[in-house]
S.K.: 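One structure, pasted below without further comment.
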There are 4 protein chains.
Amino acid sequence: MAKPNIVQKNDLIQSAKACLVEKGIERFTLRAVAEMAGVTQGTVYYHFRTKEQLFLEVVKDICDRSWDDLTRTDDNFIQEAIASAKSRCSYDSFYHKLFLTLIVSGFHHEQIREQLGEILMKENRVLTDHLSRLWREESPVEGVSFETWGIMLNAIVDGLAIQALLSKDFPVEKTYEELEHFFKAMTAHTAGEEEKE
Amino acid sequence: MAKPNIVQKNDLIQSAKACLVEKGIERFTLRAVAEMAGVTQGTVYYHFRTKEQLFLEVVKDICDRSWDDLTRTDDNFIQEAIASAKSRCSYDSFYHKLFLTLIVSGFHHEQIREQLGEILMKENRVLTDHLSRLWREESPVEGVSFETWGIMLNAIVDGLAIQALLSKDFPVEKTYEELEHFFKAMTAHTAGEEEKE
Amino acid sequence: MAKPNIVQKNDLIQSAKACLVEKGIERFTLRAVAEMAGVTQGTVYYHFRTKEQLFLEVVKDICDRSWDDLTRTDDNFIQEAIASAKSRCSYDSFYHKLFLTLIVSGFHHEQIREQLGEILMKENRVLTDHLSRLWREESPVEGVSFETWGIMLNAIVDGLAIQALLSKDFPVEKTYEELEHFFKAMTAHTAGEEEKE
Amino acid sequence: MAKPNIVQKNDLIQSAKACLVEKGIERFTLRAVAEMAGVTQGTVYYHFRTKEQLFLEVVKDICDRSWDDLTRTDDNFIQEAIASAKSRCSYDSFYHKLFLTLIVSGFHHEQIREQLGEILMKENRVLTDHLSRLWREESPVEGVSFETWGIMLNAIVDGLAIQALLSKDFPVEKTYEELEHFFKAMTAHTAGEEEKE
DNA sequence: GATGAATGAGAATTCATTCAT
DNA sequence: AATGAATGAATTCTCATTCAT
């Protein structure tokens, strides 16, 4: 139903993301966003009253998309989550460049920081739930709660992304293969223990 | 015996770090650095020919310090590394705010990116070495190489830092306790298996 | 029986006046006028082809109202004029804020300047006439013509308004009381002199 | 001692005044000020951090000059004050255009408003003092205090200025001649009354 | 070594105005 | 009659950088 010839706010938000990744925070100018979207600066200001507002709407967009991803349920959730993380783990990862850029900008913008924090916590919770289901409520390592497993898995994904972003030589394939292996081993371990009973 | 102007230069670098953390990349201006150091803008230019040069020296400073930390050897290296990581894991962590800020700025500055990448890889290697020594060359989980264990541990530290930076409620204590527990369990596991032999 | 669009036009003019007083010339924007009137910018353009046109109609409106005030005749005109002036003489006087704002804008807009000048001259003439009638064609001070008396009275009213606008402590009551006293004394003086003859 | 080739703040303030009068508040831009002073916009910002700051310093300058004028004492103060007022009373009066422009801008800037208010009150007081001395503490019209005489005289000067600014035909000469006449008559009146004693 | 005045390029932002609907 | 999207020119303001002293 989008009218032709009318620049949609959404187009501008997508352009803003691209600019943010292409140019970085420092050179993220509304002029660049406008040019990328093929409109004038005035148009950007018509839709977003300030640069900050546009920024916020970019974050909101990211969070909404993330939310949608998290709410689909699936039996192979953990495996798929790892596969998805792997696919986004690279030297040029648009996703992680954007995410880290927003995190850093969040250090000086409480609203952004909170929103990103909420998404991360939500991810933690969803991972925790799925791991707990996968492992039938029994942690493979005594003294390590499911909550912590969820937090760890999430942390690993972000930590690996950073390493991949910073080093062209980072062994994405090998690392993710062994990460999957590790989780399978943990799963086998819990299954094995149950069998013993 | 450091010459006075070297002292000055170092002051400026420390001021630059503080500015970077306090104001963020966007508002990281040479004027702010000068003010914080109690000198004029001209003085900054006397020591660093451009803003970029100052930036690079900040990165170099970070890397040098990191290097120093890594080259001290110690029997309890892993435990101490985790303890140190925990102590820097908070909502207001100067260290991680600075580190992430530099990482993000590295996305558009190859030289910075490479230097930070090298440090991370060096960390991976050192962790790998120490884990391999701790576990007497036997990985606690079959199919997971020591290299990957090192990478993972490093990733976890960064990933947890991000979570702590974004959420006031992040359970730093509990998570690190259980992380230590996990590594102890892994250590016990390898020790146990060896005993069996 | 006024047509609806004439009502609208008038609403816009009143909103424009309010904006002018509330925000001042510098921030007198058509957007603000539109918002205050509860319409969109486009609507303002439907009624007035340019910002200048709206401005001119505001001036015209002021002048028309002023004209109406002046043309009512009354035996106590002078006394009532002073009373009316006093009532509009305050730190927050909408009337004088608007009037002075328009005067200042008139410095760079000949048409406005002329219209405002004409109103002032008309006021002078009306005051002159009434004083001359009140004083039976005999000036209370030899060598001071009725024309000058009219000009003076008008000048005093504006000059006092400025003082009241700029100082919260300006003694409006006392000053106007003594001003009335002064004119009564002048009136008594002329009456007295006539009696002597 | 002013260094050559270094644009003095004061030059900029004088340029600002000229711009304000030439272009009016609406078109009073820092670019125009810079051009008039023969420097770049950056220079203006080096000396005054904001447009508002420049504005304030213009007001301060006006007030300081006014203050200096008022503090010189003189036996013929009143006569000279009237002569001075007359000389500044014209259709093109730089002084009054500037003063009124600042007054109007003061409606939305408390600091400016206060400063201008203080100057006016100071003028009132000085006029009051001199009139009281001139008339040997006896008001020429009973019931009209010296304070009110001072206020009135000041109001008349401003009010006449407005009339002159708005009408090319305003009879400056005649009006001021009769105004002087009036004050002389009042003076004679008090002197006469004393003689009677 | 250090300073402060000055610059100029470019940033965010505002706003009168146009126009298709 | 009225709207709202879009424009573009102008404005305030920032900042890295230069340079004479």
Side-chain angles (χ1 to χ4, degrees), chain A residues 3-9 12 26-34 37-55, chain B residues 3-6 8-9 12 26-34 37-55, chain C residues 3-5 8-9 12 26-34 37-55, chain D residues 3-9 12 26-34 37-54:
Chain A
K3 295 181 196 170
N5 195 22
I6 291 181
V7 174
Q8 236 54 39
K9 263 181 110 165
L12 289 170
E26 305 159 77
R27 287 180 201 156
F28 171 70
T29 68
L30 293 191
R31 181 210 256 250
V33 173
V39 297
T40 60
Q41 286 187 63
T43 304
V44 181
Y45 274 89
Y46 178 76
H47 290 286
F48 310 92
R49 294 171 82 111
T50 63
K51 189 185 183 182
E52 195 182 312
Q53 192 54 39
L54 171 55
F55 224 98
Chain B
K3 294 179 195 170
N5 62 331
I6 288 187
Q8 267 259 33
K9 210 173 163 177
L12 288 170
E26 306 160 79
R27 286 178 200 162
F28 171 70
T29 69
L30 294 191
R31 185 209 257 238
V33 174
V39 297
T40 59
Q41 285 185 67
T43 306
V44 180
Y45 269 85
Y46 179 79
H47 290 287
F48 309 93
R49 285 186 311 182
T50 63
K51 188 185 185 183
E52 195 183 316
Q53 193 54 41
L54 170 56
F55 221 100
Chain C
K3 293 179 195 170
N5 62 330
Q8 267 261 34
K9 211 172 163 175
L12 288 171
E26 306 160 78
R27 289 181 197 158
F28 170 70
T29 68
L30 293 192
R31 185 208 258 239
V33 174
V39 296
T40 59
Q41 285 185 68
T43 306
V44 180
Y45 269 84
Y46 179 79
H47 290 288
F48 309 93
R49 284 188 312 181
T50 64
K51 189 185 184 183
E52 195 183 316
Q53 193 53 40
L54 170 57
F55 220 100
Chain D
K3 295 180 194 170
N5 195 21
I6 291 181
V7 174
Q8 237 53 41
K9 262 181 110 164
L12 290 171
E26 306 160 75
R27 287 178 201 158
F28 170 70
T29 68
L30 294 191
R31 180 210 257 249
V33 174
V39 297
T40 59
Q41 287 185 60
T43 303
V44 181
Y45 274 91
Y46 178 76
H47 290 286
F48 310 92
R49 293 173 82 112
T50 62
K51 188 185 183 182
E52 195 182 313
Q53 191 55 39
L54 171 55

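Any value given below was found using the heavy atoms of this structure, including those in side chains, with hydrogens, waters and symmetry copies removed. So you know, we letter chains A, B, ... as the sequences are listed, proteins then strands, and number each from 1.
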S.K.: Rounded to the nearest Å, what distance is computed from the NE2 atom of residue B:His47 to the P atom of nucleotide F:dT17?
M.R.: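 In whole Å, F:dT17 P lies 16 Å from B:His47 NE2.
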S.K.: What is the distance, rounded to the nearest whole Å, between atom CZ of A:Phe55 and atom P of E:dA12?
M.R.: 11 Å
S.K.: Please give me the minimum heavy-atom distance between D:Val44 and D:Leu12, naming the atom from each residue.
M.R.: CG2-CD2, 4.1 Å
S.K.: Taking atom CD of B:Gln53 and atom NE2 of B:His47, what is their separation to the nearest 0.5 Å?
M.R.: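 Going from CD on B:Gln53 over to NE2 on B:His47, the span is 13.5 Å.
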S.K.: Does any part of the side chain of A:Phe28, heavy atoms only, come nearer than 4.5 Å to the side chain of A:Lys51, both counted from C-beta?
M.R.: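 When only atoms from C-beta onward are counted, A:Phe28 and A:Lys51 do touch, with a gap below 4.5 Å.
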S.K.: Using a 4.0 Å cut-off on protein heavy atoms (strictly under), produce a 5'-to-3' string for nucleotides 9-15 of chain F with B for base contact, S for backbone-only sugar-phosphate contact, and - for none.
M.R.: --SBBBS
S.K.: Let me know the distance between CZ of B:Phe48 and C1' of E:dG1, rounded to the nearest Å.
M.R.: 14 Å
S.K.: So what's the dot-bracket for DNA chain F: Watson-Crick or G-U pairs under 3.5 Å, [ ] if a pair crosses, | if it pairs off-strand?
M.R.: .||||||||||||||||||||
S.K.: Measure the distance from NZ on B:Lys9 to C1' on E:dA2 and round it to the nearest whole Å.
M.R.: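 So the two atoms are 16 Å apart, to the nearest Å.
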S.K.: Could you pull out the closest heavy-atom pair between A:Arg49 and C:Arg31, with the gap in Å?
M.R.: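 It is NH2-NH1, 3.1 Å.
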S.K.: Distance check needed: E:dT18 P versus C:Tyr46 OH, whole Å only.
M.R.: 16 Å
S.K.: For C:Tyr45 and C:Thr50, which heavy atoms make the closest approach, and how far apart are they?
M.R.: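 In this case the closest contact between C:Tyr45 and C:Thr50 is CE2-CA, 4.3 Å.
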S.K.: I want to verify a distance call: between E:dG8, E:dA2, E:dA6, whose nearest atom is closest to the D:Thr40 side chain?
M.R.: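 Ranking E:dG8, E:dA2, E:dA6 by closest atom to the D:Thr40 side chain puts E:dG8 first.
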S.K.: Assuming nearest nucleotide by heavy-atom distance, tell me which of A:Val44 and C:Val39 is located more 5' along DNA chain F.
M.R.: C:Val39
S.K.: Measuring only the P atom in each nucleotide, how far is E:dG1 from F:dT21? A whole number of Å is fine.
M.R.: 22 Å
S.K.: How many angstroms lie between NZ in C:Lys9 and CG in C:Leu54, if you round to the nearest 0.5 Å?
M.R.: 10.0 Å
